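Let me begin by presenting the structure, written as structure tokens, before commenting on it.
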Amino acid sequence: MDLVAKVRTIVVAIPKGHVAAYGEIGRELGISPREAGRAVALLDEDVPWWRVVYADGTPATCHDGEARALLEAEGVVFRGGRVDMLTIR
DNA sequence: GTTATGACTCCAG
DNA sequence: ACTGGAGCCATAA
């Protein structure tokens, strides 16, 4: 079972209108945040990687701006350019 | 084996 | 609230 597969499983399990932090995934798998980020970066395109954000709710830097649009389309609440963590919890 | 880099997070200013 | 520096861990050269 590759780390990527585990991360993929977690990411696809994220409900619509919800997001997860890299650190959260890392903790869940018992790996460091860097590992989680790296794994997510290697994920397939089938996985909603845009639902994975920074610990403070900031979307990933890659595809800058695209993650935001996708999240909003999914129904994720944004507050001042960042995902509303309160909604996540 | 050593060095550099990153889709990270935390702490301090 | 924003920026910068430090820490962490795996991959690549």
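These numbers come from a predicted model, not from an experiment. First the proteins, then the strands, lettered A, B, ... as listed; each starts at 1. Note that these values count all heavy atoms, side chains included, but never hydrogens, waters or copies made by symmetry.
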[X] has an atom [atom1]; how far is it from atom [atom2] of [N], in whole Å?
X: A/Tyr54; N: C/dA1; atom1: OH; atom2: P; answer: 18 Å
X: A/Trp49; N: B/dG6; atom1: CH2; atom2: C1'; answer: 16 Å
X: A/Leu71; N: B/dA7; atom1: CG; atom2: P; answer: 18 Å
X: A/Leu29; N: C/dC9; atom1: CG; atom2: P; answer: 15 Å
X: A/Asp56; N: B/dC11; atom1: CG; atom2: C1'; answer: 14 Å
X: A/Arg38; N: B/dT5; atom1: CZ; atom2: C1'; answer: 13 Å
X: A/Ile25; N: C/dA10; atom1: CD1; atom2: P; answer: 17 Å
X: A/Glu35; N: C/dT11; atom1: CD; atom2: P; answer: 6 Å

A/Arg82 or A/Pro33, whichever maps to the more 5' nucleotide of DNA chain C
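On the 5' side of the pair lies A/Arg82.
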A/Leu71 to A/Arg51 - nearest heavy-atom pair and separation
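Closest heavy-atom pair between A/Leu71 and A/Arg51: CD2-CA, 3.8 Å.
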Students often get this wrong, so: under 4.0 angstrom with heavy atoms, is A/Tyr22 touching a base, only sugar-phosphate, or nothing?
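Base contact.
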Non-hydrogen side-chain atoms of [X] and [Y] separated by less than 4.5 Å:
X: A/Val47; Y: A/Val52; result: no
X: A/Ile88; Y: A/His18; result: yes
X: A/Trp50; Y: A/His63; result: no

